[in-house]
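Only one structure is covered here, and it is reproduced in the block below.
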Amino acid sequence: MTDFVAAGVDRIRRDAPLVHNVTNLVAMTLSANVLIAAGASPIMSAAPEESGILAGFSGALVVNIGTLTRDWIEGAHAAVAGARAAGRPWVLDPVGVGATPFRRETTDALIAQRPRIVRGNASEIMALAGSGSGGKGVDSTTGSDAAAESAARLARDTGAVIAVTGAVDLVTDGNRTLTVANGHELLTRTTASGCALTALIGAWAAVLDDPLEATAGALAAYGVAAELAAARTAGCGSFVPALLDALGALDGTTAARLARIA
Amino acid sequence: MTDFVAAGVDRIRRDAPLVHNVTNLVAMTLSANVLIAAGASPIMSAAPEESGILAGFSGALVVNIGTLTRDWIEGAHAAVAGARAAGRPWVLDPVGVGATPFRRETTDALIAQRPRIVRGNASEIMALAGSGSGGKGVDSTTGSDAAAESAARLARDTGAVIAVTGAVDLVTDGNRTLTVANGHELLTRTTASGCALTALIGAWAAVLDDPLEATAGALAAYGVAAELAAARTAGCGSFVPALLDALGALDGTTAARLARIA
Amino acid sequence: MTDFVAAGVDRIRRDAPLVHNVTNLVAMTLSANVLIAAGASPIMSAAPEESGILAGFSGALVVNIGTLTRDWIEGAHAAVAGARAAGRPWVLDPVGVGATPFRRETTDALIAQRPRIVRGNASEIMALAGSGSGGKGVDSTTGSDAAAESAARLARDTGAVIAVTGAVDLVTDGNRTLTVANGHELLTRTTASGCALTALIGAWAAVLDDPLEATAGALAAYGVAAELAAARTAGCGSFVPALLDALGALDGTTAARLARIA
């Protein structure tokens, strides 16, 4: 069941895939450091003049709408076009999509460009599926259980694998559904920890062909690293370096052994 | 005297107020993490398309001019209009206001929109009050004592509570003045530590009605956390995670006991 | 040989030079913290309305193209013009210059404005000199040895001191060449560690007149701090606070003693 977890962890270290990020201003540094810790090589650019080129020669593209601007949207679409033209998978993080029409419209236009994977919290996924209240700002007000049906419908409607992260994560392609029970509460006390996880999913999508396995594997590896980090620190501040330490030291065998995927 | 310190710390944890930030690029991550550690829920956006909406449903708005652009100014004004329309308090951080005409003109236009609270170092507050040399870049060249008269005049002229932070902080509404003697020198060796403090004042303004108490309480709580963190580390780098750890573990009783407000 | 190393470390602490940064979004926080740890005072702004003024009263300017936009380019040119008008040195970091035409054209236009110092990895310097394949994204695929001839030619063509950083760093003005053998592999596992080093070179250029010595001294001091930090931590996450701690505690005598400059 978790052979793909070991395979993913080890292949990222071996292949060091380039992952292009068109992401938000708060998440940039942590996303880059998470990718580097896992063994990938991050690039960041939202410039329309080059984001399509960068996405085209990367192993995967990650698009995160957390701090939208008109210029950023142009750069994101250029990147998506570059990834699609090159046949590369791309991953969408619809941060706070229910909070404003601007986020909603931008996300709808991006989803029409067929992301391979979408990751959000329960409020975001329910908002996307038209079944939620839109959440409270960028933090979820709902558990991921409640979003299960929304996620499955959204997966069927969009053709994307949908990940709903929370205390227990849920990953579905509309037919198959996996749950991932790894992770730690301290992740909710670190800004951009969800965004950085989406970046990591990009690295997994670059090395594993099955987007359901790539997503579940990334969630498990990140969650295992969080558990190992939380065992070494009790504080929300010292958790971040500990998380990167744990992710940087993680090998495939350990990740597979500690993964709780069902 | 310090009942409001305990009340503020505990209410932020209980109510988890949304705080909308139109802030600078260097301060974003630390500001978000300080707000989360204290128990608040941060949002960041400078897009005019949505910043007014986000400010309108947040408990408070924080505006920080540290990395100004024309687009950012438009987003800041939209956010301020949203906060004012919804009757929410907003807090201004005039980073390096004396350094350039661009910062000065932007700050003057923002102050005309009646912030509830303004926090700066002595050079910034004296520049705003027309009595200083403008400081050296974004760091202060003057102690907060020297800024006392400027701060009181600025408070009376603008209707805002003015906080001058330094070795001893000063908070005034033009009539009442409090001093806060908490804090640690390591804060001056961490970029954006003042900006993140302004963000924290936003969370306090969302849960306490009196802006003088909200400001003094935030300064005391942040200063107490800095003292607890400095007791555990001597380095300017390891101080940051330790500060977040301490802020994340701080309860109202401890904060009130260690607060040095006069 | 290493008298200038001690002199540089101590003068930065004594003079606290202002260093203006027009830099990339991923590198801002670490660059500011590295400058503060070393004793300098960072400013960040890419706004054309003020970046020339800020560069004009700073001791040095650092320009880093890591997350280019059209607006940023305008701000960078304004800053460079301000630095040149005031006779201040400026330092260029051509991040990923070989990756896209947009980066290449922007870098060529900046180099025409005569930077005092250019720092890059081997792939970047070889791309600039027209002799490399352009590297893989923003990470180097070549050792710095291979770039020695390219660096010397580039130095003669541009009049800038060229630094090629890697396992062993190389610094040349086209006639004289120094190598710096300090540093640690963990620097390659931290995002923006090279960008922050370029920022530190700016502080050195503000206090030492000879750009070759300023560059080699900055590389040695940063490398020594990395070695001291790596002796205290094995993890890529906890390395960052440890690096800042070590840099913040470094004195000129220790830096000169541990420097491996040839």
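Just so you know, these numbers come straight off a predicted model, no measurement behind them. Within every chain, numbering begins at 1; the chains are lettered A, B, ... in the order of the sequence lines, protein sequences first and strands thereafter.
Within 6.0 Å of the CZ atom in C:Arg84, the count of heavy atoms belonging to other residues, nucleotides or ligands exceeds 12. Environment of CZ in C:Arg232: sparse, with no more than 12 heavy atoms of neighbouring residues, nucleotides or ligands closer than 6.0 Å.
You'll find the side chain of C:Ser31 stays beyond 4.5 Å of the side chain of B:Thr191, heavy atoms only. Two residues are said to be in side-chain contact when any heavy atoms from C-beta on lie closer than 4.5 Å; B:Arg103 and C:Leu54 meet this criterion.
A distance of 8.5 Å separates CG in B:Leu68 from CD in C:Glu49, rounded to the nearest 0.5 Å. Atom CE of residue C:Met28 and atom CE of residue B:Met28 lie 9.5 Å apart, to the nearest 0.5 angstrom.
Closest heavy-atom contact between B:Phe102 and C:Ala47: CE2-CB, 3.8 Å. Scanning all heavy atoms of the two residues, the minimum distance from B:Cys236 to C:Gly248 falls at SG-CA, 4.2 Å.
Most heavy-atom pairs under 4.5 Å with chain B: of the set C:Asp71, C:Asp245, C:Leu25, C:Leu244, this distinction falls to C:Asp245. The most heavy-atom pairs under 4.5 Å with chain C, out of B:Val240, B:Thr100, B:Asn24, come from B:Thr100.
With a threshold of 4.5 angstrom between heavy atoms, C:Ala37 approaches chain B through its backbone and through its side chain.
The main-chain N or O of B:Val26 is found under 3.5 Å from a side-chain atom of C:Thr29 such that the two form a donor-acceptor pair.
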